[in-house]
Amino acid sequence: MSALSHPVVDLSGVSKSYGDLAALRSADLVIHHGELLAVVGPSGSGKSTLLNIMGTLDRPSEGKVRIGGHDIDELRDRDLSALRAATIGFVFQQFHLAPGIPALDSVADGLLYSGRPRAERRELAERALRRVGLGLRLYHEPHQLSGGEKQRVAIARAVLGDPPLLLADEPTGALDSRSGAVVMELLHELQEAGTTVVVITHDRDIAALLPREVRLKDGRIEHDSAVGAAAGELTATGSTR
Ligand SMILES: Nc1ncnc2c1ncn2[C@@H]1O[C@H](COP(=O)(O)OP(=O)(O)OP(=O)(O)O)[C@@H](O)[C@H]1O
Ligand SMILES: [Mg+2]
């Protein structure tokens with residue numbers, strides 16, 4: 001069966017506890033191909049916990065996690081790493097670029113273990129950097145790049161292998177509003193090109209511009225606009241009658 005016939009992410013009754021602390025409580029969340037959604041909520045509400053579970057970086061304490069139809073309980077760590085490498089790109093608030101390394105190498109190194117020859121890795125990296133509008137910054141080192149440019153290098157690295165799912169944890173958190181807007185525009189473009197994108201943000205203005213919003217509070221999903229919208233749609237069209 002093709003991966004496209006399954007949701008990209010399907011969480012059912014997912015909880016995560018750290019000792020006595022319930023960081024995530026019984027979360028249900030289905031994300032379909034091509035969606036772009038914001039995850040919002042106060043500090044400590046479980047946003048990063050949720051993202052790390054979607055990203056298979058963490059296993060839940062309870063509940064089912066399916067990524068592209070794969071039940072992660074059934075995968076050994078090695079197979080899970082392979083699934084993650086093929087399926088998911090990550091972008092974080094801090095760009096994690098090694099000092100002294102030119103952008104092209106920073107991005108190309110993302111393919112170090114892909115078995116591709118160096119020339120091909122660099123060619124793909126160059127293409128990814130052009131895609132994020134950094135064709136003129138290929139040889140700039142992190143200290144020669146603005147914050148927004150650094151984040152675009154990190155995004156180029158995350159989308160290098162064309163993962164169907166991109167998870168971004170506060171990608172604009174360290175940026176001024178103009179650079180943040182450029183990064184958000186880029187995430188919109190990636191979605192238009194077919195990538196499913198999940199963005200954690202503290203910024204209400206950013207969240208308001210995205211098609212779907214999932215709100216967390218004290219580890220619970222207290223609102224999901226897709227669920228609300230689906231109910232509203234039925235009422236609006238009268239199709240439930
Ligand atoms: N590895 C861990 N060990 C113990 N507690 C943790 C761990 N990771 C997260 N927590 C706790 O779980 C809760 C949720 O944390 P999480 O990082 O998901 O919050 P968040 O919504 O991303 O917050 P922020 O907006 O500040 O990044 C917090 O109370 C946090 O202290
Ligand atoms: Mg967080």
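None of the values given here were measured: they were computed from a predicted structure. One-based numbering, in listed order, for ligands and for the atoms of each. Excluded from the calculations below are hydrogen atoms, water molecules and symmetry mates; all remaining heavy atoms, backbone and side chain alike, are included.
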> Measuring from each atom of ligand 1, which residues have a heavy atom under 4.0 Å away?
Replying inline: Tyr18, Leu21, Ala23, Pro42, Ser43, Gly44, Ser45, Gly46, Lys47, Ser48, Thr49, His202
> Do any of the N, O or S atoms of Thr49 sit under 2.8 Å from the Mg ion (ligand 2)?
Replying inline: no
> With distance as the sole criterion, is a donor-acceptor pair present between the side chains of Arg84 and Thr56 under 3.5 Å?
Replying inline: yes
> Hey, does the side chain of Ser45 reach the backbone of Pro42 with a donor-acceptor pair shorter than 3.5 angstrom?
Replying inline: yes
> Does the side chain of Asn52 come under 3.5 Å of the side chain of Thr49 through a donor N or O and an acceptor N or O?
Replying inline: no
> How would you list all residue pairs meeting side chain to side chain donor-acceptor pair (under 3.5 Å) that involve residues 88-105, not counting sequence neighbours?
Replying inline: Asp105-Arg122
> For the residue pair Gly100 and Glu141, what are the closest heavy atoms and their distance?
Replying inline: CA-OE1, 3.4 Å
>> Closer than 3.5 angstrom, by distance alone: can the side chain of Gln151 be matched with the main-chain N or O of Phe95 as a donor-acceptor pair?
In response: no
